[in-house]
Amino acid sequence: MGYNITQKIIKGHLVSGSMAPGSEIAIVIDQTLTQDSTGTMAYLQFEAMGVPRVKTKKSVAYIDHNTLQQGFENADDHKYIQTVASKHGVYFSRPGNGICHQVHLERFGRPGWTLLGSDSHTPTAGGIGMLAIGAGGLDVAVAMAGGPYHLAMPKVCRVTLKGRLQPWVSAKDIILKILMMLSVKGGVGMVLEYAGPGVAYLTVPERSTITNMGAELGATTSIFPSDEQTRLFMRAQGREDEWIPLEADPDAIYDEEIEIDLSKLEPMIARPHSPDNAVPVSEVKDLKVDQVAIGSCTNSSYLDLMKTARILKGKTVHPNVSLVIAPGSKQVYSMLARNGALADLIDAGARILESACGPCIGMGQAPATGAVSLRTFNRNFYGRSGTLSAHVYLVSPEVAAVSALTGVLTDPREFGEPPRIDLPESFLINDNGIIPPAEDPDSVEIVRGPNIKPFPVNDELPRVVRGTVLLKMEDNITTDHIMPSNAKLLPFRSNIPYLSDYCLTPVDSDFPKRAKDNGGGFLVAGHNYGQGSSREHAALVPLYLGIKGVIAKSFARIHRSNLINSGILPLVFSDEADYDKLSQGDDLVIEDADSQVKAGDLIEIKDLTRGITVKALLRLSPREREIILAGGLLNLTRKAALE
Ligand code: MIC
Ligand code: SF4
């Protein structure tokens, strides 16, 4: 029996476990990436492990999220990351050098290798045939220390692309269509592996738009073959020697399959407040636009911004629209500056930002009250833009640029000839924004500003776990709900006590006070709890507030791992109808919690207020069971070190 690409890479990196879907496997990690808003925690945790040098083939620390420096906090975090990286063997990508996923694709990603990143959009590198997975900071710290990464062996879904995109239809429309078909939880436990004759027509930057937004499906990752397109991209990046061909065997078996006819697609748009709320642009009528934002790790490549510049050249942005553009990397920025496209954007009236995440994570450019914002980004979750009343829509750069000119949502197919931009023969290569680690680590002193506070550590699982239901939530609660991030809060990513006053406030502004008054308790939620960002803060802050368990209909992958790593019980209703039986304010108790966890998958939760017992599933691998019993992964690691 032949293998698909996912199975080939996993097989070549397997440390333990069997490759049967759903069972726990451990794989060797070749490369890691961190960014600054999750990185401070990851490096504090790495330091706590006492390993002098990273053991990966390459680890890179990017600064791209927290680049607004209204106070000392962000700059202090940058200094900490720069020095800790230098001392421990990590490459440092300076602020201004670009968004982690864009730069990693350009300069470091390699077909056939594994990448673990403390950011949910790490799968972007799947566009060059890399098995790239997003995880919490602690898992990335373990990988830097040389430990394997544990995950459930994913199912593999073959996404067969046939035909060719019509003019004005782009890669973004492919992934929005898939989101419309599968939903934000349709990819959980799965790798989406692209195949079929349509693949050959997509360049690496286009493929990476698709793998990037596979994160919004909840997928473990997404991957394309490594073929002639991949070779051309790597050659243009001066890295052809790192290219290898990689494709599925002709008799490879897949767990699932979907097919997309590219020639039938039209420009798409995701409506507020979910990336899967997608429809063809032609179905949304009379949408007046206030803001257009082009950039983010989804759509800020050289090709995307050249298309934008061609559309805007010689024209003027509509007077009622604020157009902001953030090129994805210094490479992209500099190439636009040299070939004149940057001047075309400026002349048309665009507001140009630095190469960073910027408005995608609410770092500036919050829309006006009730405004409509069209963005080429990947997430339009409630409140993420920094303006709770804003209506954020997700579109391709083509739709964004054309609508910026007309002031209303416009189907670009009404706009005449589309711009044709080819992949350049060679990109501009200048790696002076990437600082290699120190050759003499002893000479490096790690700089820690006053904003860096210790992270909370749990206790061993007690015999009796008791607490009140502090909040009952709906389906699809995101980590942006649990731990909101915007220009005011992101500077405090290394300060858990400060962040705790904002936990779950988009759902209920009284939650932090209630949690503190009760000394912690339980959370109840619907399906796909914790989707979105990989931020560990969505587990560490609840831990700080005394949350002992979350009882949900289902969990998103990365958040479930982050809860386990923090020693918080991720409990799944064994009968979904029991969700209706629990109410906010109910007092719950799990008796003999430690022996129940040791005994198997079923946990009995007594609701003392209603006099009922609810059964929950706690399906843990043997390793996860040990982590939960020890009160988190760090405790377990320390315990192992003492034995
Ligand atoms: C995001 O896009 O939500 C982020 C901000 O990049 C997060 C990481 C974070 O919260 O710091 C992610 O995607 O993991
Ligand atoms: Fe940055 Fe936005 Fe990409 Fe997250 S999704 S890494 S915030 S650009």
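Side chains included, hydrogens not; waters and symmetry mates left out as well; all remaining heavy atoms used. Ligands are counted one by one from 1 in listed order, and the atoms in each one are counted from 1 as well. Along the sequence shown, the residues carry numbers beginning at 1.
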Can you tell me which residue and heavy atom of the protein come closest to [atom], and the distance to 0.1 Å?
| atom | value |
| --- | --- |
| atom 10 (O) of ligand 1 | Arg535 NE, 2.6 Å |
| atom 13 (O) of ligand 1 | Ser120 OG, 2.5 Å |
| atom 11 (O) of ligand 1 | Ser37 OG, 2.5 Å |
| atom 7 (C) of ligand 1 | Ser533 OG, 3.1 Å |
| atom 2 (O) of ligand 1 | Arg384 NH2, 2.9 Å |

Taking atom types as modelled, find out whether [X] and [Y] have a side-chain donor-acceptor pair closer than 3.5 angstrom.
| X | Y | result |
| --- | --- | --- |
| Asp76 | Asn451 | no |
| Glu193 | Thr6 | yes |
| Ser37 | Gln35 | yes |

Contact check, His537 vs ligand 1, heavy-atom distance below 4.0 Å: no
Ligand 1 to [X] polar contact by distance, N or O atoms, under 3.5 Å:
| X | result |
| --- | --- |
| Ser485 | no |
| Gln35 | yes |
| Asn378 | no |

Heavy-atom distance under 4.5 Å between the side chains of [X] and [Y], does that happen here?
| X | Y | value |
| --- | --- | --- |
| Tyr149 | Asp139 | yes |
| Ile496 | Lys453 | no |
| Ser120 | Arg379 | yes |

Nearby protein N/O/S atoms (those under 2.8 Å) for atom 1 (Fe) of ligand 2, with water ignored: Cys357 SG
Atoms in ligand 2 flagged as close to Asn378, the criterion being non-hydrogen separation under 4.0 Å: 5 (S)
Side chain to side chain donor-acceptor pair (under 3.5 Å) partners of Tyr382, counting only residues at least two apart: none
With a cut-off of 4.0 Å, which atoms of ligand 1 are near a heavy atom of [X]?
| X | value |
| --- | --- |
| Asp119 | 4 (C), 6 (O), 7 (C), 8 (C), 12 (C), 13 (O), 14 (O) |
| Arg379 | 1 (C), 2 (O), 3 (O), 12 (C), 13 (O) |
| His65 | 4 (C), 5 (C), 6 (O) |
| Thr38 | 9 (C), 11 (O) |

Ile361, portion touching ligand 1 at heavy-atom distance under 4.0 Å: side chain
Ligand 1 versus His101: contacting region, heavy-atom distance under 4.0 Å: neither
Charged tip of Lys58 within 45° of Tyr91 ring normal and under 6.0 Å: yes
Any donor-acceptor N/O pair, Asn66 side chain to Asn74 backbone, under 3.5 Å: no
Donor-acceptor contact below 3.5 Å, side chain Thr209 vs main chain Thr298: yes
Trace of the ring-ring contact (aromatic ring centres under 6.0 Å, His included) decision for Phe455 with Tyr544: CA-CA 9 Å; Phe455 52 88; Tyr544 178 81; over 10 Å; no
Distance (rounded to the nearest 0.5 Å) between Gln531 CD and Asp480 CG: 9.0 Å
Aromatic ring pairing His121/His101, orientation class (parallel under 30°, perpendicular over 60°, tilted between): perpendicular
Phe92 and Tyr62 aromatic centres sub-6.0 Å: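 No - the distance between ring centres of Phe92 and Tyr62 does not fall below the 6.0 Å cut-off.
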